[in-house]
Participant: 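Below: one structure in structure tokens.
Small disclaimer: the values here were computed from a predicted structure and weren't measured.
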Amino acid sequence: MRWHKRLLAAGAVAAVTVTAAACSGGQVRGAADSTPQPGSSAGSAGGTADSTFVYVPNLDVVTDWDPASSYSNENIAMENIYESLTRYNPQTKKAEPRLAASWTSSPDGKKWTFTLREGVKFHTGKPVDAAAAKAAIERTMKEGQGAAYIWGAVKKIEAKDATTLEFTLKYPTPLDLVASAGYASYVYDTAAASGDLKKWFGEGHDAGSGPYTIESWQKGKETELTLKAFDGYWGGWDGQHYKKIAYRVTPELTTAWQLLQRGEVSFVQRLNSQLFAQAGSTDTVQTSQTPSFQNLLVLFNTADGPLKDVKLRQALQKAIDYDGLVAAMKGSGVAASGLVPDGLLGNVPGMTPKQDLAGAEALLKEAGYGPGGKQLDLTLTYAQGDADQELLVTLLSSALDKLNVKLSAKPLQWTTQWDQGKAKDPSKRQDIFVMYWFPDYADAYSWFVNVFHGEKDVQFNLSYLKDAAIDKEIDELPALTATDKAAAEKAYADLQNKIIGEQAAVAVPYVQNYQRAFAKSVQGYVDNPAYPNVVFVYDLKPGA
Amino acid sequence: MPRYLIRRLGQAVLVVAGVIVLTFAVMRLVPGDPAVAYAGPKATAAELAEARRRFGLDDPLPVQLWNYVRDLLGGDWGTSLHTRQPVRDDLFQAFPASLELVGAALIIALVVGIPLGIAAARYKGRLPDLSVRLSSMLAVSVPVFWLALALQTVFASGLGWFPVAGEYDASLDRTSPLHLYTNITAVDALITGNWPILTSTLSHLVLPALVIAAYPAGVVAQMTRAALIEESSRDHARLERALGFGETAVLTRFALRPALNPVLSLIALVFAYSIVNGFLVEAVFNWPGLGRYAADSIRSLDTPAIAGVTLLVAVLYVVANLAVDLLQGVVDPRVRAR
């Protein structure tokens, strides 16, 4: 055999070997049902002729299919598959009926009775009754993963009859808000699988009661997940609704934008500021901007180092160029007013901070620093790769430079930044810690109990604030929210004045802003910041 | 030949062993706690402890290395912290798509690069030669990310000649389910006669494959030109010209075969390079290959997945090098004697 023929043969063998190595053994990709769905042609997403809503996320959709432990990006699908007892409305700042048609609580806020909607069925065909809801929530609590801690106040759950579900709590808590959480609040059929339920979920099955159910899931593929309408949905399918949802993962923002422009997709989760501006002036596309429940916290070390002096912390608060930062973010952030974002009980209007360099200089001088005085050296850690945080650091460094304050800022991976923040040796900790915070359910308590309540071992109290009076007030918040909303509102305002004003433990430069772009034909879209990035597709109408 | 084969195989095994140790060291040197990456930023101390126990992070480093090597040899490449699936399964899902893309790109590179190299050698120093040299230099030096965005904007979004992104039209999954044998979509569609998916895949392949083909096509054109010019200056070419063969015939009938030897060797090496070079292209065109998996893994600090991708790419390089060496040994006995 001549050399090139041998070469060819070797090449052929190699190709066969590679192919065989990748061999997966005759599986089928795609639905076994090969019947085309009515009006499901590609290329006109969002139109009446096509009732498929195509959602473009930037990251993989599903990490964990188990509704008990799911705690990641899959919420964008789970909220369309599963339902919780209530759903939060940021306009009214209240929980609204979902699986529960109504509810009451005892005057002390320790007993909550939910009346479930009648005639609701799981996708498995079994009824959604009080016993099933009890079993689901108890399983979630027992698994204890993800956001299961939200049920921490629950002492006992009883199914009084088919539609009455009663919770007895260890301490007063606004359980209607807890039950509206974006994670760990789902009611699901715990008897859906004959064997290991977790494994069954992991194979891409669902046991929810929501308007959509899983049609296909192909991990790693571009269209990772497709949901189809659940015919037995209690809300019914009269009127115009999308009958399918496809999740088309597109990490590259320019690609996402081009797909939307071409009408291949209905909704893009995120665009950069230039593309978002372009979307705003494109006829076939509409946009929406909604402040999220996620804000940036600049936490000052109140326990150790130079910032132990409250005057220096107040000087730093005044040195931040809040307006300049928000302007430079070109719409991806909005000015914050206090610790609690708008749309949550506890938000205080009129607390938007302003830069005051003269005031900062005066405070620095009082503490023996500032121009003409000693140089103040500070360390700051922030999230690597976060352009908005980088912008904050650049503006802050520049402002502080003029005040004779040298800022040594380190961009770090979260785990490294957090490890340093939690260091046992206080001298190894930073002076300023920058991080985002968001609540797992629509309750401002999350900021206070996690970030500013005294801790034995540091977790998220990275300003290291220890104030018995503040701790006491924080501990009273759940009871007040459960029993007396007006008093809770007042307590939240008072706490914010203490933490931001008197203690100067934190500065809040901005609240992240959701910027969505979607097809003109999509009607009825309202962003709900309590459920980050979720589109409740059933509520939409596919327009012309 | 057997001694040569054993020697080269031994060297390859040593390199792979080195890569395994290096990968393990990098995994452990990356700042941050993998347990936090798995359990989430709001995990409790008990959840973190459970994650550490589960991944053996409490064991001494040598024990962890031993377990890592043992598991690798046993086919267990660890569990992805991000997808929660075995890394080996994830790689088996993603790699065939990359193979498909790079395979198509290399076919384009050969089909375009070799004729261009011949034309350049035939008209050495004249306009065609200058054009080929200039265009191949451009093809080699243009950043793939920029080229990908440019082609996508002009030919997909602007002119609408090709799809913007994806491997094939996903709605075909409903109308034309694909039976998988190799996991390479185009190959499976061809084998099973699934024409809708085949035509859709081919139209989706064009732009990303062209972008990845740019670099190897440029290199192949330049190398073919250089090898042909060298070959056509040898004694046998003078004899062929004296026998009345024209310049084109001398190049294509006599000089091309020996000149292709280094070109084919190069292709094997360029294959592994293109897999990595294609990561950015996959991101732009939403190609569901290793690139997207690697990008997601890096973003979520998924060390087992990053290690898996690194190891796979390293093994590809080693296998490609080994294949080239062995093929050269088959072709040229002098190589075996070295």
Participant: For a 4.5 angstrom cut-off between non-hydrogen side-chain atoms, does B:D173 reach A:Q218?
Facilitator: yes
Participant: Over all heavy atoms of both residues, which pair between B:P288 and A:G220 is shortest? Give the atoms and the distance, please.
Facilitator: CB-O, 3.1 Å
Participant: Taking only residues two or more places apart in sequence, or in another chain, which ones meet A:W151 in a ring pair (Phe, Tyr, Trp, His ring centres under 6.0 Å)?
Facilitator: A:F167
Participant: Which one of B:S157, B:G289, B:A97, B:G160 has the most heavy-atom pairs closer than 4.5 Å to chain A?
Facilitator: B:S157
Participant: Using salt bridge (charged side-chain N to carboxylate O under 4.0 Å, His left out) as the criterion, list what pairs up with A:K424, not counting sequence neighbours.
Facilitator: A:D457
Participant: Measure the CG-OG1 distance between B:N286 and A:T255 for me, rounded to the nearest 0.5 Å.
Facilitator: 6.0 Å
Participant: Which atoms of B:T153 come close to chain A, meaning under 4.5 Å heavy atom to heavy atom: side chain ones, backbone ones, both, or neither?
Facilitator: both
Participant: Rounded to the nearest 0.5 Å, how far does NE2 of B:H204 lie from CD of A:E222?
Facilitator: 7.0 Å
Participant: Determine the minimum heavy-atom distance between B:V164 and A:Q258, stating which atoms define it.
Facilitator: CG1-CB, 3.8 Å
Participant: Rounded to the nearest 0.5 Å, what separation is found between the NZ atom of A:K221 and the CD atom of B:Q93?
Facilitator: 6.0 Å
Participant: Taking B:A156's backbone N and O only, do any of them form a donor-acceptor pair with A:R262's side chain (distance below 3.5 Å, no angle check)?
Facilitator: yes
Participant: Taking every heavy-atom pair that is under 4.5 Å apart, which of A:L59, A:V249, A:D64, A:T223 has the most such pairs with chain B?
Facilitator: A:V249
Participant: Find the distance between NZ (A:K219) and OG (B:S80) and round it off to the nearest 0.5 Å.
Facilitator: 8.0 Å
Participant: Select one option (side chain, backbone, both, neither) describing which atoms of B:A165 are under 4.5 Å from chain A's heavy atoms.
Facilitator: both
